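Each remark here refers to the structure printed beneath this line.
Since we're looking at a predicted model, the values are computed, not measured.
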There are 2 protein chains.
Amino acid sequence: MGILNPKKELEKEAIVAGLLKEKGLSITAPRKLILSLLMKEHGPFSAEEILKKLPKNSCDQATVYRCLNQFVEVQLVNTSFLEKDMAHFEYNDPHHHHHHIICKICKKIESFHDCLMEKIELGLQKKGYRDIQHRLEIFAVCENCAKG
Amino acid sequence: MGILNPKKELEKEAIVAGLLKEKGLSITAPRKLILSLLMKEHGPFSAEEILKKLPKNSCDQATVYRCLNQFVEVQLVNTSFLEKDMAHFEYNDPHHHHHHIICKICKKIESFHDCLMEKIELGLQKKGYRDIQHRLEIFAVCENCAKG
DNA sequence: TACTTTTTGCAAGCGACTTGCATTAATATT
DNA sequence: AATATTAATGCAAGTCGCTTGCAAAAAGTA
């Protein structure tokens with residue numbers, strides 16, 4: 001794909017570099033690789049999956065974790081804990097806000113773009129989902145900490 | 001408290017034992033201790049916190065984890081991943097459905113009993129919370145797996 | 001280009017959680 | 001109620017996702 005259309009690839013590179021700069025991160029090979037991977041493929045992916053998807057020996061496991069944590073900090077990436085014991089990461093596209101539903105048995109992950117509990121659960125039941133549970137967690141800075 | 005009102009304590013014991021039986025779990029000392037702790041105090045608590053709250057040497061770390069996982073399986077307890085790297089556990093009281101908000105900085109956890117995104121975020125802003133993010137995860141059995 | 005700062009790779013380390021196994025306790029059976 | 005059977009517990013060792021210290025390399029800066 002990059003070979004077939006080098007112009008477009010260069011544009012994408014520029015976008016990725018721009019995002020990194022915007023967030024105050026220096027532009028390095030691993031950071032570009034990881035971020036463009038996450039922007040191209042729709043996760044959520046575990047760190048291990050990301051490492052496997054990168055070109056062989058292009059970057060170390062430790063670097064993957066370090067980059068992902070930095071991306072989360074600057075809100076380029078969202079974390080979720082769909083599976084116990086393992087974080088999943090996904091590019092945070094503000095224009096495509098969505099949530100995940102993971103099958104308790106086969107662990108298949110799907111996304112949906114709606115955001116209202118009752119509506120969601122009814123819709124999912126009609127789709128054939130059973131035994132639906134949800135978890136909503138909110139992260140914020142409290143009044144006290146916002147002052148300090 | 002148990003000493004002051006032994007009758008009420010016995011009643012509570014019976015409730016806890018009843019819940020365990022209802023869920024097909026045998027009634028053991030550690031299970032009774034952990035479940036009644038979670039029913040009495042409102043978490044969410046980490047496994048470590050639970051272990052510390054139990055009477056000294058009343059049960060092993062491994063047992064705490066084993067019990068908690070069983071409780072989650074039978075839906076007596078809910079898990080949340082408010083902090084990366086550490087699960088939190090809480091008694092699943094169907095009459096007091098609620099969610100959690102954790103401060104990004106001081107990690108203070110509060111619960112709220114409302115359940116509508118926009119309403120929630122507006123209300124929290126008025127309460128002084130800033131930089132609000134939320135995470136909603138849904139767990140269910142998909143059509144395929146429900147068949148099998 | 002030379003200097004300073006940050007990032008990376010590697011390997012060792014950490015910590016939450018799990019597991020194998022012998023012992024002990026809970027349920028089922030008689 | 002006593003015994004047999006099955007399951008749960010404690011202990012210690014192990015696993016695994018993730019982090020970190022440090023020297024080398026690459027980015028940013030002048």
Interatomic distance, A/Leu68 CG vs C/dT7 C1' [rounded to whole Å]: 15 Å
Tell me the closest heavy-atom pair linking A/Ala47 and A/Val64, and the distance in Å. O-CG1, 4.0 Å
ring-ring contact (aromatic ring centres under 6.0 Å, His included) partner of A/His98, chosen from A/His100, A/His95, A/His96: A/His100
Going by the side-chain hydrogen bond (donor to acceptor under 3.5 Å, both in side chains) test, which pairs reach into residues 53-65 of chain A, not counting sequence neighbours? A/Glu41-A/Lys53
Considering only Ile, Leu, Val, Met, Phe, Trp and Tyr, and joining two whenever side-chain heavy atoms are under 4.5 Å apart, list the other residues clustered with A/Leu122. none
Set of residues satisfying side-chain hydrogen bond (donor to acceptor under 3.5 Å, both in side chains) with respect to A/Lys127, sequence neighbours excluded: none
Tell me, please, the opening and closing nucleotides of DNA chain D, 5' to 3', among those with an atom under 4.0 angstrom from a non-hydrogen atom of chain A. D/dG17 to D/dG28
Tell me which residues in residues 81-91 of chain A put a heavy atom below 4.0 Å from DNA chain D, sorted by number, or none. A/Asp85, A/Met86, A/Ala87
Using whole Å, report how far CD of B/Gln70 lies from P of C/dT18. 11 Å
Near DNA chain D, under 4.0 Å by heavy atom, which residues of residues 23-39 of chain B? B/Ser26, B/Thr28, B/Pro30, B/Arg31
Which atom pair, heavy atoms only, marks the closest approach of A/Leu51 to A/Cys59? CD1-O, 3.4 Å
Could you pull out all residues at least two apart from A/Ser46 that satisfy side chain to side chain contact (heavy atoms under 4.5 Å, CB included)? A/Glu48, A/Glu49, A/Met86, A/His88
Please table the atom pairs, donor to acceptor, closer than 3.5 Å between any side-chain atom in residues 17-28 of chain A and protein atoms at least two apart or in another chain.
from	atom 1	to	atom 2	distance (Å)
A/Lys23	NZ	A/Val74	O	3.2
A/Ser26	OG	A/Arg31	NH2	2.8
A/Thr28	OG1	A/Arg31	N	3.4

Mind checking side chain to side chain contact (heavy atoms under 4.5 Å, CB included) for B/Asn78 and listing every partner two or more places apart, or none if nothing turns up? A/Gln133, B/Asn92
For the atom pair SG (A/Cys67) and CG (A/Leu35), what is the distance rounded to the nearest 0.5 Å? 9.5 Å
For the student: nearest non-hydrogen atoms of A/Leu38 and A/Tyr91, plus distance: O-CB, 3.5 Å
What are the residues of residues 57-64 of chain A, sorted by number, that bring a heavy atom to within less than 4.0 Å of DNA chain C? A/Ser58, A/Cys59, A/Asp60, A/Ala62, A/Thr63
State plainly whether one hydrophobic cluster holds both A/Val72 and B/Leu82, where clusters connect Ile, Leu, Val, Met, Phe, Trp and Tyr through side-chain heavy atoms under 4.5 angstrom apart. no
Excluding sequence neighbours, so at least two apart, what forms ring pair (Phe, Tyr, Trp, His ring centres under 6.0 Å) with B/Phe81? A/Phe81
Bend angle of the helix from C/dT1-D/dA30 to C/dT30-D/dA1, from helix axes over five pairs at each end, nearest 10°: 50°
How many whole angstroms separate atom CG of A/Leu54 from atom C1' of C/dT8? 14 Å
How far apart are the C-alpha atoms of B/Glu90 and B/Val77, what are their side-chain angles, what is the distance that settles it, and do they pass the side-chain contact (heavy atoms from CB on, under 4.5 Å) test? CA-CA 5 Å; B/Glu90 190 173 42; B/Val77 161; 5.7 Å; no
Once rounded to the nearest 0.5 Å, what's the spacing between atom CZ of A/Arg130 and atom CG of A/Leu124? 10.5 Å
